[in-house]
> 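One structure coming up, written as structure tokens, with questions to follow.
By convention here, the first residue in the shown sequence is residue 1. Here the structure is a predicted model, which is why all the values come from computation and not from measurement.
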Amino acid sequence: MRNPLPPVPATLLDLEVAGQLRRGVPTARLVAAPDNDDVEPLEIEGVRITGKAGDVQTVPGDGPRWVAGLGGGEPKEYRKTGAALVRAVNAALAEDVEHGGKAFRAVQLELPEEASGEHVTELALGLLLGGYRYKVTGADPSPSVRTVRLVGDDPALPSLVERASALAAATALTRDLANTPSNVKTPAWLAETAARVAGPRVEVTVRDEKWLAAEGFGGVLAVGGGSARPPRLIEMAYKPSGASSHLLLVGKGITFDTGGLSIKPADGMHLMRTDMAGGAAVIAAIRGIAALGLPVRVTALVPCAENHVSGSSYRPGDIVRHYGGKTTEVGNTDAEGRMVLADALVYGIKRFTPDFVVDAATLTGAMKVSLGLRTGGLFASDSALAAAVISAGERVGEAWWRMPLVEDYAENVRGEFGDVRQTPGGPGGITAALFLREFTSGLPWAHLDIAGPARSEKNYDEVVPGATGFAARTLVELAASLA
């Protein structure tokens, strides 16, 4: 019987580089928008071309089949246009097949002379990710274009395409893992899949519930205690020779979140299959870092658990002892992400002595209220590291906004019966970050709250409905900057 689940990792289209256009291959043309409103839009074979970013028109005749607008020519507009173009091409391919026409599987695209390396990278990301899809179906999927040929004479094109492909693969793998339904995606499945896709340069160790109990991972065991599917800790290591620094990545790996005894409302709970998007980004990032051969040592930890309701669930009012001995007063079992991250942060710092620590998690609904659905929240104990994260995100098309670690709320984290309180009063995103800071040993640390941009309900730019893959590209680019 054919497995209806899409493959992990997903197969993205191939980007080729050529020096000239080839006859007989469908062609797309890129055009910029007019400089001002007084200039008449371009017209080709009776089709009005606005040139607006993402506006793709099909043109009859023997010339280019598609004309795509670049707007004002900003790099991010190239990414938007690349995504819109590949969607238009796939729609045309499906229509041709439906009407009995000959299926084409390659298109070519001549690059504008003014396109810089940043423009090419953004265009490539749009082309590679705009056509991504994840659908569990018993029918054959609709056809999609297999190859896009970029035509240009810049000798840097092959290296630019290679780098963009690695970044896109990291985003796509994050989407794959987060989109996988939770009846398949148990903690064991996520760990086994991480080991399978990691690549030859990444060492993977999977720790089971017996090891976690022996080592004192009280947060992970408490959160996972209500599920029949026991928790795991994924440990991944990339150790290139001559590495200049050591980066520890920690990602929340809650493979499904009911909220536990502090149960969530039914509306929206189905989206909790993506509550391990931070862990997925960490897994995909270390794979991408290794694929690019970046000269920085990276250790990635993903504590995995299901937060379920049963007689063995942890309770509000419990006091949990984390790895390393610190205790937490539990106030709300739906604040489970910080419980598993606390264990992994202390373990990673004590075991591996990194130079920098970054965690990623769909942690708080408060960040969705604060920043909306397209910007990640950034908390950091070190301004240089915060600036590096923001700059890395800008270079790969992911937006971050630094949030304050308000010291006036730090006292709220102190516990009455334990060392710290899990859900202290105050603004939720800030107090969650202050809680995590208690487990970072004073190292340069950044916390990425991606609760908003980790999921989408519609297409925009290179994003498609479902898991977005947000943060993976930033983490790869951050490692490159630290190297």
> Hey, mind stepping through Thr193 and Thr180 against side chain to side chain contact (heavy atoms under 4.5 Å, CB included) and telling me if it holds?
CA-CA 11 Å; Thr193 302; Thr180 299; over 6 Å; no
> Check Pro424 against Asn412 and note the closest heavy-atom contact, atom names and distance.
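Distance-wise, the nearest heavy atoms are CB-O, 3.1 Å.
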> Give a yes or no answer on whether the side chain of Asn179 reaches the backbone of Ala467 with a donor-acceptor pair at less than 3.5 Å.
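Answer holds: yes.
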> So, does Thr327 use its side chain to make a donor-acceptor pair with the main chain of Asp419 at under 3.5 Å?
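Confirmed, Thr327 side chain pairs with Asp419 backbone.
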> For Tyr347 and Glu235, test the side chains for any donor-to-acceptor distance below 3.5 angstrom and give the result as yes or no.
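Distance-only check passes for Tyr347 and Glu235.
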> Apply side chain to side chain contact (heavy atoms under 4.5 Å, CB included) to residues Lys239 and Glu203 and explain how you reach the verdict.
CA-CA 9 Å; Lys239 303 175 183 178; Glu203 300 172 11; 4.2 Å; yes
> Do you know which two heavy atoms are closest between Glu398 and Trp400, and how far apart they sit?
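For Glu398 and Trp400, the tightest heavy-atom pair comes out as O-CD1, 3.6 Å.
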> Please report the C-alpha distance between Thr423 and Arg338 in whole Å, then the side-chain angles of each, then the deciding distance to 0.1 Å, and finally whether the side chain to side chain contact (heavy atoms under 4.5 Å, CB included) criterion is met.
CA-CA 10 Å; Thr423 52; Arg338 66 199 72 180; 4.2 Å; yes
> For residues Pro465 and Asn459, determine if any side-chain heavy atom of one lies less than 4.5 Å from a side-chain heavy atom of the other.
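A side-chain contact under 4.5 Å exists here.
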> Which heavy-atom pair separates Met236 from Ala198 by the least distance, and what is that distance?
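So the two residues come closest at CE-CB, 3.8 Å.
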> Rounded to the nearest 0.5 Å, how far apart are CZ of Arg232 and OG1 of Thr186?
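So the gap between those two atoms works out to 8.0 Å.
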> Is it the case that atom CZ in Arg133 sees more than 12 heavy atoms from other parts of the structure closer than 6.0 Å?
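It does: Arg133 CZ has more than 12 such atoms within range.
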> Rounded to the nearest 0.5 Å, how far does CZ of Phe256 lie from CG of Leu271?
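Atom-to-atom, Leu271:CG and Phe256:CZ are 9.0 Å apart.
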> Consider side chain to side chain contact (heavy atoms under 4.5 Å, CB included). Of Leu123, Leu129, Leu125, which one does Leu127 pass it with?
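Among Leu123, Leu129, Leu125, the one that satisfies the side chain to side chain contact (heavy atoms under 4.5 Å, CB included) with Leu127 is Leu123.
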> Less than 4.0 Å between a side-chain N and a carboxylate O, is that true for Glu462 and Lys80?
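No, this pair does not count.
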> Donor-acceptor pair, distance only, cut-off 3.5 Å: does the side chain of Thr255 make one with the backbone of Gly253?
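Not at all, since once roles are kept as given, no pair shorter than 3.5 Å links the two residues.
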> Can Lys252 and Glu336 be counted as an ion pair, charged N to O under 4.0 angstrom?
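Here Lys252 pairs with Glu336 in a salt bridge, since their nearest N and O are under 4.0 Å apart.
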> Using a 3.5 Å distance criterion without hydrogens, assess whether the side chain of Gln422 forms a donor-acceptor pair with backbone atoms of Ala335.
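Yes; judged by distance alone, with no hydrogens or angles, the pair exists.
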> Does the side chain of Phe356 reach to within under 4.5 Å of the side chain of Val298, using non-hydrogen atoms?
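Contact flag for Phe356/Val298 side chains = no.
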> Whether the side chain of Arg87 engages the backbone of Gly130 through a donor-acceptor N/O pair (distance < 3.5 Å, no angle test) should be reported.
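Checking the backbone N and O of Gly130 against the side chain of Arg87, a donor-acceptor pair under 3.5 Å is found.
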> Mind running side-chain hydrogen bond (donor to acceptor under 3.5 Å, both in side chains) on His322 and Thr328 for me, showing each step along the way?
CA-CA 8 Å; His322 294 281; Thr328 290; 2.8 Å; yes
> Whether Glu329 and Arg421 form a salt bridge (side-chain N of Lys/Arg under 4.0 Å from carboxylate O of Asp/Glu) is what I want to check.
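The answer is no: the pair does not qualify as a salt bridge.
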> Can you tell if the side chain of Leu221 reaches within under 4.5 Å of the side chain of Pro231, non-hydrogen atoms only?
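Yes; the side chains approach each other to less than 4.5 Å.
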> Is it the case that over 12 heavy atoms from other parts of the model lie below 6.0 angstrom from the CZ atom of Arg196?
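For Arg196, atom CZ is crowded (more than 12 foreign heavy atoms under 6.0 Å).
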> Is it true that the side chains of Asn307 and Tyr314 contain a donor and an acceptor less than 3.5 Å apart?
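No, no side-chain donor-acceptor contact under 3.5 Å.
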> If you measure from CG on Leu248 to CD1 on Ile349, what distance do you get to the nearest 0.5 Å?
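Those atoms lie 6.5 Å apart.
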> Please answer whether the main-chain N or O of Ala454 pairs with a side-chain N or O of Thr468 as donor and acceptor at a distance below 3.5 Å.
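Yes, because the side chain of Thr468 sits within donor-acceptor range (under 3.5 Å) of the backbone of Ala454.
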> Does Asp343 use its side chain to pair, donor to acceptor, with the backbone of Gly219 at less than 3.5 Å?
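Indeed, once roles are kept as given, a pair shorter than 3.5 Å links the two residues.
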> Quick one: does Ile430's side chain get under 4.5 Å of Pro404's, heavy atoms only?
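The answer is yes, as the side chains (C-beta and beyond) meet within the 4.5 Å cut-off.
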> Within the 4.5 Å heavy-atom criterion, are Ser116 and His119 side-chain neighbours or not?
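When only atoms from C-beta onward are counted, His119 and Ser116 do touch, with a gap below 4.5 Å.
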> What verdict does the side chain to side chain contact (heavy atoms under 4.5 Å, CB included) test give for Thr174 and Thr171, after you've listed the backbone C-alpha separation in whole Å, the side-chain angles of each residue and the deciding distance to 0.1 Å?
CA-CA 5 Å; Thr174 306; Thr171 298; 5.7 Å; no
> Using distance alone, with no hydrogens and no angle criterion, decide if Ser144 and Asn90 have a side-chain donor and acceptor under 3.5 Å apart.
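Side-chain D/A pair, Ser144 to Asn90: absent.
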> Could you go step by step and tell me if Ser391 and Arg395 meet the side-chain hydrogen bond (donor to acceptor under 3.5 Å, both in side chains) rule?
CA-CA 6 Å; Ser391 180; Arg395 291 193 297 273; 2.6 Å; yes
> Verify, without hydrogens or angle tests, whether Lys185 (side chain) and Ala178 (backbone) share a donor-acceptor contact under 3.5 angstrom.
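Indeed, once roles are kept as given, a pair shorter than 3.5 Å links the two residues.
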> Tell me, yes or no, whether the heavy-atom count around Asp208 atom CG, taken from other residues, nucleotides or ligands under 6.0 Å, exceeds 12.
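Yes, enclosed.
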> How about Lys326: does its NZ atom have over 12 heavy atoms from other parts shown lying under 6.0 Å from it?
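For Lys326, atom NZ is crowded (more than 12 foreign heavy atoms under 6.0 Å).
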> Is Arg437 salt-bridged to Glu407, going by a charged N under 4.0 Å from an acidic O?
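Salt bridge flag = yes for Glu407 with Arg437.
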> Going by the angle between their ring planes, with limits at 30° and 60°, are His447 and Trp445 parallel, tilted or perpendicular?
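Taking Trp445 first and then His447, their aromatic rings lie parallel (interplane angle under 30°).
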> Going from OG1 on Thr274 to CZ on Arg175, what distance comes out if it is rounded to the nearest 0.5 angstrom?
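Interatomic distance, Thr274 OG1 to Arg175 CZ, rounded to 0.5 Å: 13.0 Å.
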> Using side-chain heavy atoms (C-beta onward) and a distance below 4.5 Å, is Ser165 in contact with Leu128?
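Yes, close enough: below the 4.5 Å cut-off.
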> Atom CD in Glu114, atom CG in Leu70: separation rounded to 0.5 Å?
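Rounded to the nearest 0.5 Å, the CD-CG separation comes to 8.0 Å.
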> Flag yes if more than 12 heavy atoms outside Glu16 fall under 6.0 Å of its CD atom; otherwise flag no.
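Enclosed: over 12 neighbouring heavy atoms sit under 6.0 Å from CD of Glu16.
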> For the backbone of Leu443 and the side chain of Ser441, can you confirm whether one donor and one acceptor N or O come within less than 3.5 Å of each other?
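Looks like no, no N/O pair under 3.5 Å.
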> Taking atom OH as the centre, does Tyr409 end up with more than 12 heavy-atom neighbours from other residues, nucleotides or ligands that are less than 6.0 angstrom away?
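Result for OH/Tyr409: open.
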> Looking at Gly251 and Leu341, what are the two nearest heavy atoms and their distance?
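Where Gly251 meets Leu341 most closely, the heavy atoms are C-CD2, 3.9 Å.
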> Looking only at atom types and distance, does a side-chain atom of Tyr132 sit under 3.5 Å from a main-chain N or O of Asp176, one as donor and one as acceptor?
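Judged by distance alone, yes, a pair lies under 3.5 Å.
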> Testing the basics here: between Gly73 and Tyr78, what is the closest heavy-atom pair and its distance to 0.1 Å?
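Result for this residue pair: O-CE1, 3.6 Å.
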> Looking at Arg414, I want to see if its CZ is surrounded by more than 12 non-hydrogen atoms of other residues, nucleotides or ligands under 6.0 Å.
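Check passes, neighbour count above 12.
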> Any side-chain heavy atom of Arg163 sitting closer than 4.5 Å to one from Glu477?
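They are in side-chain contact.
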> Show the nearest heavy-atom pair for residues Leu385 and Asp382, with the distance to one decimal.
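Closest heavy-atom pair between Leu385 and Asp382: N-OD2, 2.8 Å.
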> Any ion pair linking Lys76 and Glu394 (charged N to carboxylate O, less than 4.0 Å)?
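Between Lys76 and Glu394 there is no salt bridge, as every charged N stays at least 4.0 Å from the carboxylate O atoms.
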> For the CZ atom of Phe379 and the CG atom of Asp449, what is their distance to the nearest 0.5 Å?
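Nearest 0.5 Å value for the CZ-CG distance: 6.5 Å.
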> What class does the angle between the rings of Phe352 and His246 fall in, given that below 30° is parallel, 30 to 60° is tilted and above 60° is perpendicular?
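It falls in the perpendicular class, over 60°.
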> Taking atom CH2 of Trp401 as the centre, does the number of heavy atoms from other residues, nucleotides or ligands within less than 6.0 Å exceed 12?
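Result for CH2/Trp401: open.
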> Can you tell me which residue among Leu448, Ile450, Val358 is in a side chain to side chain contact (heavy atoms under 4.5 Å, CB included) with Leu378?
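Exactly one option meets the side chain to side chain contact (heavy atoms under 4.5 Å, CB included) with Leu378, and it is Leu448.
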